[in-house]
2 protein chains.
Amino acid sequence: MAKKQVTFADIAEYTHFSKTTISRYFNHPDSLTLENQEKISQALDTLGYKKNKLAKVLANGKSEFIGIIVPNLYLHYYSEMLTQLLSSYSNYHYKFLVFSSEHGAEEEQQYIEELLSYQIEGLIVLSHTLSSQKLASYQIPVIAIEREAEYISSITTDNYMGSLQATSLLIRDKCDILIHINVNVEKTVPAYDRIRAFEETCKEYQVPYDIDLSVSGNSYQEILNVIRRIFTRIEEKYPNQKKGIFLANDTYANMFLNLIFQKYGKLPPTYEIIGFDNSPIASESILPITTVGQQIDVIAQTAMELLVQQMEEQKKRAPKPLEKPIHKQITPVLIRRNTTS
Amino acid sequence: MAKKQVTFADIAEYTHFSKTTISRYFNHPDSLTLENQEKISQALDTLGYKKNKLAKVLANGKSEFIGIIVPNLYLHYYSEMLTQLLSSYSNYHYKFLVFSSEHGAEEEQQYIEELLSYQIEGLIVLSHTLSSQKLASYQIPVIAIEREAEYISSITTDNYMGSLQATSLLIRDKCDILIHINVNVEKTVPAYDRIRAFEETCKEYQVPYDIDLSVSGNSYQEILNVIRRIFTRIEEKYPNQKKGIFLANDTYANMFLNLIFQKYGKLPPTYEIIGFDNSPIASESILPITTVGQQIDVIAQTAMELLVQQMEEQKKRAPKPLEKPIHKQITPVLIRRNTTS
DNA sequence: TTGTACGCGTTATCAG
DNA sequence: CTGATAACGCGTACAA
């Protein structure tokens, strides 16, 4: 509000060109003589011109905005994913409007409305509350990351492969009993494949297994208490057997490892432990934890490629809305550290 | 581009009102009769109207955008801060444009230019590369968080108080030797006060102390190796004394604790350990670590209050640019856990 | 209570 | 290579 911005009109007046020519200076500089480019260039910084992209957007319809909705940034997975998405700026020059939504569907819908009102060209969704059907109804390119995505395109870690790798390692290491510890995930969620792969692999190789889906809780302490109960149960039930424990994530794995260490002062040879995610805690733990590493950078990159592609399509005169959603899976890598032999 | 947006003009035509009235429906609904409000309301969803905030911004100059520049989101401190800032949306309804910048000053300046071109009303800076003088020159409300801020307003943890609390606790617990482990921070950085308070407090109470600023490295492994060297040195130099170790952050504290555990299988009574930040690792560690908890939520909240205030000022007819920058310090809280008696 | 006319800063179209 | 003019969608004096 202070002093009016310097606009194309001002530049035009100063240089005795028209606004159109000034515009061209920015968008098709080749169509001006070098001499005139120089004139305008000089006028620009004697007048102290600053672009106004909003006006540009209004005029040409290309906002270069992408909306992101994450459940939270507390979990390393989400914050790292956001980092990777933001870093794509250097490639694509899309700007990101970020919302964090943890209070249910209404809130999330409201955020999307707001995002749409800023003419976002695409949307990346990491939260779970809105159905993919609802998301598809917004008629805008959407990419889901690691969530239910029947009606929209998605990128997901290949949970089945990850779990298979972990389970196979425990089998190769000749564990007597394989145990998988997880929350009771719904079958529609991609992460359910971790349970499925564990079970199917155990059956295939005919090794005894035990699936414990009793984990729950909203705080570290609550979850730790559950893990402690599970630990006690396992200690009692499989006293002298070699136990291969595959946990749903590195946080659980770290809890379990701590409990072992507090009891034995070390990791006894009767235990092998594998986590999931390759989050920092896996390497910061008392013993670096073997884990299934999600390739967050690759996931983010792939998401952007897919989204950019669909957004480009939208800008054409006859945008074909992509009759079938595209689903990509990124294979995770097994990272062997010190909790397996 | 697909089908044109529904605009006020369309609503106006449909309802036989003027565009102005439609505009008023949104901004001063009281000035319409209830009957007409109803008419318009109905027209809105039969036509499927969606707002266009960009047009609104262009018309009234209030973008409701705030720019954020963080160095990265890998560190818990930054991601948590971003979370807290984003969550202020429910109070203030400002939208956030987020950039992550780790490649030096030119990159960062470019990002700020871009942000300005989107008519951001304010800027929150967590990165260190640009001087506060430079930032002040952009003539826009800026808040610095935990960084040099001579020429701009800032929010900082009261590092002196935090360090003082930690040091005092170690003294109360009758440690024979107090040791502070840190990187060699510059004196202009707020975190330097941690070193200063440690030293001054030790001197005041006349306890022997040892300041080790040799920490360095860009990866977890590199840093761990340095911490290991320091650990070895301390073990040799102060064999039978009770050692009070105050580390610059919880990650270092966790490393140190792990080294102790790997050697002794427990935390011997000759050690007390205090970290800084209250990041997740402090509670996820093999033994929950006593730490100085930064009140990230309070910092974020205060930052937003200050920024909103300055942005409001800007919108007035005679915006007074705040002759002196305001600096606020947030007192951290000592969180006593299991690595102190 | 409602409408007219114009401005916000840029781009697109058509003309020359 | 350059320019006039009309969009883009909404807000706001000023007038009625």
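Chain letters run A, B, ... following the sequence lines, proteins first, then strands; residues in each count from 1.
- What separates CG of D10(B) from P of dA7(D) is a distance of 14 Å, to the nearest Å.
- Residue S23(B) places no side-chain N or O under 4.0 Å from the OP1 or OP2 atom of dC10(D).
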Taking only distance into account, with no hydrogens and no angle test, what donor-acceptor pairs under 3.5 Å do side-chain atoms of residues 19-29 of chain A form with protein atoms, sequence neighbours excluded?
from	atom 1	to	atom 2	distance (Å)
T21(A)	OG1	S18(A)	OG	3.3
N27(A)	ND2	S23(A)	O	3.4

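- Atoms NZ (K50(B)) and P (dC8(D)) sit 19 Å apart, rounded to a whole Å.
- Here the straight-line distance linking atom CG of L307(A) with atom OG of S88(A) works out to 9.0 Å at 0.5 Å rounding.
- A straight line from CD of E13(A) to P of dG3(D) spans 14 Å, rounded to a whole angstrom.
- At whole-Å resolution of the value, NZ in K62(B) and P in dG9(C) are 15 Å apart.
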Base, backbone or nothing for each nucleotide of nucleotides 1-8 of chain C, written B, S, -, heavy atoms under 4.0 angstrom, 5' to 3'?
SBBBB-BB
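- Within the structure, side chain to side chain donor-acceptor pair (under 3.5 Å) contacts touching residues 295-311 of chain B (residues at least two apart or in different chains) are S153(B)-Q310(B).
- Spacing between atom NZ of K53(B) and atom C1' of dG11(D) amounts to 14 Å, rounded to whole angstrom units.
- A salt bridge links E114(A) to K53(B): at least one charged side-chain nitrogen sits closer than 4.0 Å to a carboxylate oxygen.
- The distance between atom NE2 of H28(A) and atom C1' of dT11(C), rounded to the nearest whole Å, is 9 Å.
- Y25(A) comes within 4.0 angstrom of nothing in the nucleic acid, heavy atoms only.
- Taking the six-membered ring where tryptophan is involved, the planes of Y111(A) and F99(A) are essentially parallel, since the angle between them stays under 30° and well short of 60°.
- Computed from coordinates, the F26(B) CZ to dC10(D) P distance equals 8 Å when rounded to whole Å.
- For the pair K56(B) NZ and dC8(D) P, the interatomic distance rounds to 20 Å; values are reported in whole Å.
- E148(B) and S132(B) share a side-chain donor-acceptor pair at under 3.5 Å.
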